[in-house]
Amino acid sequence: MAVQTLAENTNSSAVDLGPAAALSCRECGERFELGPIFACASCFGPLEVAYDLPSGSPEELKKRIAEGPNNIWRYAPLLPVPSDVADKPNINPGFTKLVKADNLARELGVTGGLYVKDDSGNPTHSFKDRVVAIAVEAARAFGFTTLSCSSTGNLAGAVGAAAARAGFRSCVFIPHDLEQGKVVMAAVYGGELVGIEGNYDDVNRFCSELIGDPLGEGWGFVNVNLRPYYGEGSKTLAYEICEQLGWELPDQLVIPIASGSQLTKIDKGLQELIKLGLVEDKPYKIFGAQAEGCSPVSTAFKAGHDVVRPQKPNTIAKSLAIGNPADGPYVLDIARRTGGAVEDVNDEQVVDAIKLLARTEGIFAETAGGVTVGVTKKLIDAGLLDPALTTVVLNTGDGLKTLDAVAPTTGLSATIRPSLDAFRDAGLAAAN
């Protein structure tokens with residue numbers, strides 16, 4: 001795909017993506033006109049959105065945000081979307097609950113305040129609705145007719161739903177052996193759902209080939225040629241957490257790692273809030289969480305490496321099963337810069353953590369949420385996460401999507417005849 005610099009490209013000046021000013025290379029800093037491109041033409045580094053952020057007083061911006069809708073479009077002045085985005089057909093995700101998890105805090109020995117940012121309340125029950133909503137606006141701006149993606153499950157459902165709502169055709173690609181709940185949820189929206197024999201990295205390679213082929217003409221791949229815009233949706237988690245904490249930065253965040261984009265964009269969002277004066281600048285630590293069966297970033301962090309070596313995934317946490325994470329090196333930089341860490345837990349610990357969160361807070365997390373809660377416990381036990389500080393743990397999806405993970409060890413307490421004597425004999429009656 002041809003890539004044009006600011007001086008060469010004059011057509012994209014008509015593109016209305018709000019405060020988005022250009023695309024900037026994360027490696028060399030070269031800037032490019034807004035367009036469906038994702039790699040720097042000079043060094044092949046990843047591109048991300050650069051902004052002309054709002055001017056004026058922080059209090060005026062806070063008031064403007066507070067007057068906005070109860071979804072991510074309240075932050076439209078900070079996102080690559082047109083100013084009238086709230087009036088367009090979209091799935092309008094965001095402003096999900098920040099749950100003060102006092103019961104879980106007691107179990108883990110946290111005294112400084114523990115919160116769960118529960119993104120299972122989004123339209124398709126995962127945080128992927130945020131990133132797809134932004135990508136849809138970029139797809140409109142660039143005239144695409146088909147929305148697509150490579151996905152470990154949640155993104156496939158989010159693309160299917162957003163495309164149906166916005167009037168796009170959708171065709172998405174997933175590993176052939178995903179959890180059945182995610183397969184059904186992705187397929188129900190009426191788009192094309194294609195299983196690829198292999199793991200996520202195989203799917204992603206196939207999609208990269210399709211983009212360069214005439215077969216992919218008019219296709220917007222939300223996490224490939226629209227990736228710079230798509231990734232910005234994760235910043236809204238940072239915005240919401242700080243607003244819900246009374247416009248304060250949390251001291252510590254525990255974030256799951258798949259590609260690593262979510263973690264890097266949350267950090268970007270926090271830095272933007274500091275720059276705009278919406279929060280007081282203070283140190284914060286970011287911790288990354290992986291499953292042991294797919295832990296390339298955790299392995300690199302513990303070894304002190306800057307390079308993330310790919311792994312073949314083997315874990316029940318399939319939504320995090322990306323063996324060659326694109327943003328892995330940037331995750332390492334952020335964890336080290338903020339004084340955080342990257343840790344992993346095994347599948348048994350993932351299941352135990354899912355049950356712990358459900359039992360203490362009534363939140364049924366998917367396996368990725370089990371990873372973050374399990375890693376939080378492990379970090380506390382190891383003395384890496386300070387229990388006296390304010391900590392936010394992310395749950396990025398609904399446990400109903402990954403029932404197979406907990407089904408073997410979860411079920412009926414008893415089966416009895418319909419009589420009080422049978423209930424009493426089963427030993428289930430509460431003691432007086």
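The figures here come from the full heavy-atom set of this structure, side chains too, leaving out hydrogens, waters and symmetry mates. Count residues from 1 along the sequence. Everything numeric in this text was worked out from a predicted model, so none of it was measured.
- A distance of 9.0 Å separates OG of Ser319 from NZ of Lys401, quoted to the nearest 0.5 Å.
- Considering only residues two or more places apart in sequence or on other chains, Tyr229 meets the ring-ring contact (aromatic ring centres under 6.0 Å, His included) condition with Phe142.
- In summary, Arg337 and Asp267 engage in a salt bridge, as defined by a charged side-chain N under 4.0 Å from a carboxylate O.
- Judged purely by atom type and a 3.5 angstrom limit, Lys117 has no side-chain atom pairing as donor or acceptor with the backbone of Val392.
- Taking the side chain as every heavy atom from C-beta outward, Arg336 and Phe301 approach each other to under 4.5 Å.
- Side-chain atoms of Ser295 and Gln311, non-hydrogen and from C-beta on, do get closer than 4.5 Å to each other.
- From Ser150, atom OG reaches atom CZ of Phe221 across 8.5 Å, with rounding to the nearest 0.5 Å.
- Counting only distance, with no hydrogens or angles, the side chain of Glu192 and the backbone of Arg169 share no donor-acceptor pair below 3.5 Å.
- Between Ala365 and Asn395, the shortest heavy-atom distance links the atoms CB-OD1, 3.1 Å.
- For the pair Glu272 and Lys275, the salt-bridge criterion is not met [side-chain N within less than 4.0 Å of a carboxylate O].
- Side-chain contact between Thr367 and Thr315 is absent, with no heavy-atom pair separated by less than 4.5 Å.
- Just one residue in the list Arg130, Arg74, Lys97 forms a salt bridge (Lys or Arg N to Asp or Glu O under 4.0 Å) with Glu240, and that residue is Arg130.
- Within 6.0 Å of atom NZ in Lys63, 12 or fewer heavy atoms from other residues, nucleotides or ligands are found, so the atom counts as exposed in its surroundings.
- With a 4.5 Å cut-off on side-chain heavy atoms, Leu78 and Pro19 do not count as touching.
- Using a 4.5 Å heavy-atom cutoff, the side chains of Leu178 and Pro175 are in contact.
- Within a 6.0 Å sphere centred on CZ of Arg309, other residues, nucleotides and ligands contribute 12 heavy atoms or fewer.
- Leu332 and His305 get closest at one heavy-atom pair: CD1-O, 3.4 Å.
- Annotation for Arg64: atom CZ does not count as buried by contact number, only 12 or fewer foreign heavy atoms lying within 6.0 Å.
- Taking all atoms of both residues into account, the shortest heavy-atom contact from Pro325 to Ile322 is CD-O, 3.7 Å.
- Salt-bridge annotation for Lys182 and Asp404: absent, with no side-chain N of the basic residue lying under 4.0 Å from a carboxylate O of the acidic one.
- Side-chain contact between Thr264 and Arg26: present, with at least one pair of heavy atoms (C-beta onward) separated by less than 4.5 Å.
- Going from atom CD1 of Ile72 over to atom CG of Asn70 covers 13.0 Å, rounded to the nearest 0.5 Å.
- Taking 4.0 Å as the cut-off between side-chain N and carboxylate O, Lys377 and Asp352 do not count as a salt-bridged pair.
- Residue Asn314 qualifies as open at atom CG: its count of foreign heavy atoms under 6.0 Å is 12 or below.
- For the pair Thr391 and Asp386, the tightest heavy-atom approach, listed with the atom from each and the gap, is OG1-O, 4.3 Å.
- Without hydrogens or angle criteria, Asp129 side chain to Val131 main chain gives no donor-acceptor distance under 3.5 Å.
- Between the side chain of Glu361 and the main chain of Asn103, a donor-acceptor pair closer than 3.5 Å is present.
- One side chain, Lys128 or Tyr230, offers a donor N or O that lies under 3.5 Å from an acceptor on the other.
- Between Cys294 and Leu320, the closest side-chain pair of non-hydrogen atoms is not below 4.5 Å.
- Shortest non-hydrogen contact noted between Arg227 and Ser261 is NH2-CB, 3.6 Å.
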List the steps and the verdict of salt bridge (Lys or Arg N to Asp or Glu O under 4.0 Å) for Asp201 and Lys312. CA-CA 9 Å; Asp201 297 299; Lys312 185 175 181 179; over 6 Å; no

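- Lys268 places no side-chain N or O within donor-acceptor distance of the main-chain N or O of Glu232, the cut-off being under 3.5 Å.
- Residues Val203 and Ile174 are not in side-chain contact: their nearest non-hydrogen atoms beyond the backbone lie 4.5 Å or more apart.
- Minimum interatomic distance between Thr124 and Ala161 (heavy atoms only, all atoms of both residues): CG2-CB, 3.5 Å.
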